[in-house]
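A quick write-up on the structure given underneath.
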Amino acid sequence: MALWGHHDFRRLWIGDTISQFGVSIGITVIPLLAAGALHATPFEMGLLAAASTAAFLLIGLPAGVWVDRMRRKPLMIAMDVARATLMLSVPVAGWMGVLDLPQLILVSLVIGVCTVFFDVAYQSYLPSLVGRGQLVEGNSKLQASMSVADVSGPAIGGYVAQFLGAANGVLATGLGYLSSAFFLARIKTAETTPERHPDPHLRREIVEGLRFVFGNATLRKIVACTGTSNFFHGIQNAVSVLFLLRVAGLSEGTAGLVFSASGVGGVLGAMVAHRLGVLIGQARLIWLVPLLTWPFVLLMPFTKPGWGITFAMAGLAISSFGVVVYNVGQVSYRQAICPDHLLGRMNASIRWVVWGATPLGALLGGGLGSWIGIVPTLWVSLVGSVAGMVWVLFSPLRSMRDLPAASSVEAHG
């Protein structure tokens, strides 16, 4: 049955779409708030960027074990409510005139902890909701929603920050999390309670998840590719807003518009990922599309006011097309080959590496921005993120066309 007619998937999809709009606006206005109203330095921007993803590095592995021990939907709802409460504290503090950078960093850090649990549960929940045969279609639709939000969210966030104040823009993010919780609560598909391990042992269960991921040659290459690109993208996160505002001379609204270009490419990527996988092969989404699209991000440093913003917009749009198609392919691959009882630990193990690399990159980016300057740091980040694709270019994926079945992977280790 096509997922258009899957009522519970539609509830998940609608809730996620609303949430993504809030997230997209929030991740734009918080750095703008720090750089503008709070006058953050490059190093402080690096700390803020690192705080948002540090939790993946700090608690990512045990989170996978805990997710595998509990039902995923109630956990996701609880994390949405917690994130909404934390995010709404930012505009409240802004209205009271007491907002400062330490609060932004703390809020970003704690929300990151909630996001670890939500994301690990979310990616582990989808296979049981739609079935493994519809993973590529399901991931494509969810990526489409994320990309649509990416198109309009940064532009909305930028202009809200410019005309109404960045703290007010964070309000939409909090409301988005609450809306996501509402639609998740309406999913009626019964979720079985995971069987309790007869001898639960946190360390042993963590090792089991790591062994599954790093014992598979293809997963190792995917992890290396995503982790390398995320590390350098973390460097980019620390300086990209500063580059557009202070070097390229763009307004906050125009900077938001530039960032929204990545969503345009992402929408197109999500729309065609499923059909492209049928046409060229699902496995080829993971290495061929990045090869043809990721290098375009190197246009970004040539950005100037006026028509010169097309360099950044074109580069972000084309590269984001490739990133979204790659993500649809590699996430579907992971979900397809992993046994149900290991889904949480598999996703957590991978995210521990690939998202844990991001705050490390952000801290390095803040230091490099202060040491060698914003533009050289931006070049380092862009070249490094593109180079990450080399891992999958020289991997077993090159000899595959479509996703393998879980049973065939288990049989061959």
Using the side-chain contact (heavy atoms from CB on, under 4.5 Å) definition, which of the options Leu360, Val353, Val354, Asn237 pairs with Asn230? Val354
Which class fits the ring pair Phe302 and Phe311: parallel under 30°, tilted 30 to 60°, perpendicular over 60°? tilted
Using a 3.5 Å distance criterion without hydrogens, assess whether the side chain of Asp8 forms a donor-acceptor pair with backbone atoms of Lys188. yes
Cation-pi geometry met for Arg83 and Phe118 (6.0 Å, 45°): yes
Where Val239 and Ile374 come nearest, the two heavy atoms and their spacing: O-CG2, 3.9 Å
side-chain contact (heavy atoms from CB on, under 4.5 Å) for Tyr125 and Met76? Distances and angles first, verdict last. CA-CA 10 Å; Tyr125 184 56; Met76 290 187 289; 3.4 Å; yes
Should we say atom CH2 of Trp379 is surrounded by more than 12 heavy atoms from elsewhere, each under 6.0 Å from it? yes
What heavy-atom pair brings Arg334 and Met346 nearest, and what distance separates the two atoms? O-CE, 3.5 Å
Answer yes or no: is there a donor N or O on one side and an acceptor on the other, between the side chain of Gln103 and the main chain of Ser89, under 3.5 Å? yes
Counting neighbours of CZ on Phe296 that are heavy atoms of other residues, nucleotides or ligands and sit closer than 6.0 Å, is the number greater than 12? no
Enter the distance from Ile77:CD1 to Ile187:CD1 here, rounded to the nearest 0.5 Å. 7.5 Å
Write down the atom of Lys141, the atom of Phe9, and the distance for their closest heavy-atom approach. CD-CE2, 3.8 Å
